[in-house]
Each structure stands twice: as structure tokens, then as C-alpha cells.
Amino acid sequence: MAKIEALIFDLDGVIVDTAVYHYKAWRRLADELDIPFTEEDNEQLKGVSRVRSFDILLSLGRVEMPEQEKTSYRDKKNEWFVEYISSMQPADVLPGVTEFIHDLKSKGFKIVLGSASKNAVTVLKNVDLIEVFDAIVDGTHVSAAKPDPQVFLKGAEAVNVAPENCLVFEDAQAGVEAALNGGMFCVGVGDPAVLHKAHWVVPGIGSIEIKEFEEKISSL
Ligand code: B16
Ligand code: MG
């Protein structure tokens with residue numbers, strides 16, 4: 001039986017809903033480039049790196065451009081995104097997440113962030129959650145994107161816990177695959193039809209009862 005010692009959290013879609021700000025910024029860029037871009041299209045960008053996200057956007061519009069130009073558009077999108085997240089506050093943390101993380105930290109679990117975002121530290125500071133993390137691994141530390149397990153393996157290593165003793169919380173399919181590829185357990189946060197590969201799926205962290213959670217992980 002596995003003994004879970006570290007809990008690794010994805011950021012966007014698990015702790016906060018920054019997806020709305022990513023969408024707003026990508027949409028603004030798409031409008032500027034005359035690329036039709038819907039909320040449904042935006043689903044493809046969730047959990048995906050900024051570089052890959054822009055390539056997906058360009059392919060939706062069948063637009064090609066030199067690498068240098070791509071960099072300046074990506075920078076522009078990020079400037080807008082940073083402006084949007086600057087107004088985030090503790091109340092923007094998804095329901096029940098702050099309590100859940102603090103409770104489990106006080107029970108001795110290592111709390112780790114595993115996010116593709118290069119803005120993760122800014123977001124965690126704005127919502128006043130940065131202090132609770134024992135380790136933060138984000139888009140500034142990794143070279144391979146999810147479903148590659150690098151981001152989670154680095155997180156496990158940072159708190160000195162073996163992958164088989166880690167449990168990842170993820171809202172994106174690529175993120176669930178990354179956790180499994182790393183030999184970790186995974187709780188899917190969102191739609192069971194999308195996240196069916198996870199060990200179990202919840203609609204949101206707020207719906208998890210701590211007692212039930214402890215029972216569940218002790219039977220893994
Ligand atoms: P940035 P996560 C991901 O965060 C987002 O889901 C994804 O939409 C975004 O493109 C990516 O971070 C990179 O973000 O542009 O801020 O570096 O879900 O891995 O926490
Ligand atoms: Mg996510």
C-alpha cells in the first residue's frame with residue numbers, strides 16, 4: 001500500500017481560475033490578428049505552455065509568422081495577462097482550497113505546486129497562498145511540458161519524497177497523464193468524462209471531506 005506524503009497541486013483550474021484571464025488575453029490577441037477564437041477553442045490551451053498555446057491559436061487561423069514576430073505577440077499577451085491577474089485577491093481562490101491546503105499541511109503533508117505557468121509566483125502572492133508551499137515548480141523551472149512528468153518529478157524531488165508517495169491534483173488531461181507518467185497518484189478536478197484516467201475525480205477541491213480523503217489515500 002502507498003503512503004502519501006506529498007500533495008502536488010496544479011495552479012490554473014485547481015487552486016484558482018486563471019483560465020478566464022488567459023482566455024481574455026488570447027481572445028484580445030486573436031481579435032487583433034483576425035483569428036476566430038471561441039471559448040471552446042480555448043479548452044485546447046488549458047494546461048499547455050504559452051509557446052504551444054500561441055502555436056495552436058495560429059493554426060486555428062491558418063496563420064504563419066516568423067519566430068521573432070511570434071515572440072513579440074506572446075509577450076504582448078503576457079503583458080495583458082499580468083495586468084488582469086494584478087487585481088486577484090485571496091477571495092479569488094476556488095472554494096474550499098485554502099482551508100484544504102492548510103488543514104493537510106498541519107497534518108504533516110508536504111505541499112507542492114506543479115504548474116506550467118511562468119506567472120505562478122505572482123498569482124500565489126496575490127491570493128496570499130505562497131507561504132503554505134514547501135516547494136514551487138513552475139514554467140520557469142521546466143523544459144518539457146505536461147504530459148511529460150518533469151514538473152511533478154521536480155516537485156517531488158524538491159521535498160525529498162518518492163514519486164509513488166505523491167498525489168497530484170490536476171484539471172487538465174495532459175496534467176493527469178503527466179502525473180501517471182511520473183508514477184504518481186492523481187485526483188482529477190473537473191469533468192470525469194475528460195479526466196477518466198485519474199485515480200478518482202472530484203468536481204472541485206471544496207467538495208472533498210478531509211476525513212474521507214484520508215481514508216481514501218490510506219487505501220491506495
Ligand atoms: P503562462 P497550469 C497553465 O497553468 C495554464 O493552464 C495554461 O493555459 C497556460 O498557457 C500555462 O499555464 C502557461 O501560463 O503564460 O502564465 O506562463 O494549469 O499548469 O497551472
Ligand atoms: Mg490546470
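Below, all heavy atoms of this structure are taken into account, side chains as well, without hydrogens, waters or symmetry copies.
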Peer 1: How about Glu157: does its CD atom have over 12 heavy atoms from other parts shown lying under 6.0 Å from it?
Peer 2: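 No - once you tally the heavy atoms of other residues, nucleotides and ligands closer than 6.0 Å, there are 12 at most.
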
Peer 1: If we check salt bridge (charged side-chain N to carboxylate O under 4.0 Å, His left out) with Arg74, which of these qualifies: Glu67, Glu79, Glu69?
Peer 2: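 With Arg74 as partner, Glu67, Glu79, Glu69 yield a single salt bridge (charged side-chain N to carboxylate O under 4.0 Å, His left out), made by Glu67.
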
Peer 1: Does anything in residues 22-33 form a salt bridge (charged side-chain N to carboxylate O under 4.0 Å, His left out)? List the pairs, not counting sequence neighbours.
Peer 2: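 For residues 22-33: Arg27-Asp31, Glu32-Lys76.
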
Peer 1: Relative to each other, are the rings of Phe100 and Phe169 parallel, tilted or perpendicular (30° and 60° limits)?
Peer 2: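 Rings of Phe100 and Phe169: perpendicular, as their planes differ by over 60°.
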
Peer 1: Transitively linked via ILVMFWY side-chain contacts under 4.5 Å: Tyr21 with Leu57?
Peer 2: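 Yes, one cluster joins them.
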
Peer 1: Under 3.5 Å, which donor-acceptor pairs do the side chains of residues 198-214 form with other protein atoms, sequence neighbours left out?
Peer 2:
{"residue": "His199", "atom": "ND1", "partner": "Cys186", "partner atom": "N", "Å": "3.0"}
{"residue": "Ser207", "atom": "OG", "partner": "Gly204", "partner atom": "O", "Å": "2.7"}

Peer 1: Over 60° means perpendicular and under 30° means parallel, so classify the ring planes of Tyr23 and Phe37, tilted if in between.
Peer 2: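 The arrangement is tilted - the two ring planes meet at 30° to 60°.
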
Peer 1: For Thr38 and Asp41, which I'm curious about, is there any donor-acceptor pair between the side chains at under 3.5 Å?
Peer 2: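 Yes - a donor-acceptor pair under 3.5 Å links their side chains.
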
Peer 1: Could you walk me through whether Leu124 and Leu11 pass the side chain to side chain contact (heavy atoms under 4.5 Å, CB included) check?
Peer 2: CA-CA 9 Å; Leu124 289 179; Leu11 180 64; 3.8 Å; yes

Peer 1: When you look at NZ of Lys118, are more than 12 heavy atoms from neighbouring residues, nucleotides or ligands closer to it than 6.0 Å?
Peer 2: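 Open.
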
Peer 1: Can you run down the ring-ring contact (aromatic ring centres under 6.0 Å, His included) pairs that involve residues 106-134, sequence neighbours left out, and say none if there aren't any?
Peer 2: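 Every candidate ring-ring contact (aromatic ring centres under 6.0 Å, His included) pair involving residues 106-134 fails, so no pair, neighbours aside, qualifies.
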
Peer 1: Should we say atom CD of Glu215 is surrounded by more than 12 heavy atoms from elsewhere, each under 6.0 Å from it?
Peer 2: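 Above 12, so yes.
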
Peer 1: Within a radius of less than 6.0 Å around CG of Asn160, do more than 12 heavy atoms belonging to other residues, nucleotides or ligands occur?
Peer 2: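 Not more than 12 within 6.0 Å, no.
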
Peer 1: Quick one: list whatever passes salt bridge (Lys or Arg N to Asp or Glu O under 4.0 Å) with Glu177, sequence neighbours left out.
Peer 2: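 If we apply the salt bridge (Lys or Arg N to Asp or Glu O under 4.0 Å) test to Glu177, skipping adjacent residues, the hits are Lys197.
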
Peer 1: Does Lys77 have more than 12 heavy atoms from other residues, nucleotides or ligands lying within 6.0 Å of its NZ?
Peer 2: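 Counting neighbours around NZ of Lys77, more than 12 heavy atoms of other residues, nucleotides or ligands fall under 6.0 Å, so yes.
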
Peer 1: What side-chain donor-acceptor pairs closer than 3.5 Å can you find for residues 146-154, not counting sequence neighbours?
Peer 2:
{"residue": "Lys146", "atom": "NZ", "partner": "Asp10", "partner atom": "OD1", "Å": "2.9"}
{"residue": "Lys146", "atom": "NZ", "partner": "Gly114", "partner atom": "O", "Å": "3.3"}
{"residue": "Lys146", "atom": "NZ", "partner": "Glu170", "partner atom": "OE2", "Å": "2.7"}
{"residue": "Asp148", "atom": "OD1", "partner": "Gln150", "partner atom": "N", "Å": "2.9"}
{"residue": "Gln150", "atom": "OE1", "partner": "Ser143", "partner atom": "N", "Å": "2.7"}
{"residue": "Gln150", "atom": "OE1", "partner": "Ala144", "partner atom": "N", "Å": "2.9"}
{"residue": "Gln150", "atom": "NE2", "partner": "Ser143", "partner atom": "OG", "Å": "3.1"}
{"residue": "Lys154", "atom": "NZ", "partner": "His141", "partner atom": "O", "Å": "2.8"}

Peer 1: Using the rule given for side chain to side chain contact (heavy atoms under 4.5 Å, CB included), can you reason through Val168 versus Val187, listing the C-alpha separation, both sets of side-chain angles and the distance that settles it, and then say yes or no?
Peer 2: CA-CA 6 Å; Val168 173; Val187 178; over 6 Å; no

Peer 1: Among pairs that include at least one residue of residues 42-56, which meet side-chain hydrogen bond (donor to acceptor under 3.5 Å, both in side chains), considering only residues two or more places apart or in two chains?
Peer 2: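 side-chain hydrogen bond (donor to acceptor under 3.5 Å, both in side chains) check on residues 42-56 returns Glu43-Lys46, Arg50-Asn78, Asp55-Lys70.
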
Peer 1: Which heavy atom of Ile8 sits nearest to which heavy atom of Leu113, and what is that distance?
Peer 2: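 Heavy atoms of Ile8 and Leu113 come nearest at CG2-C, 4.3 Å.
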
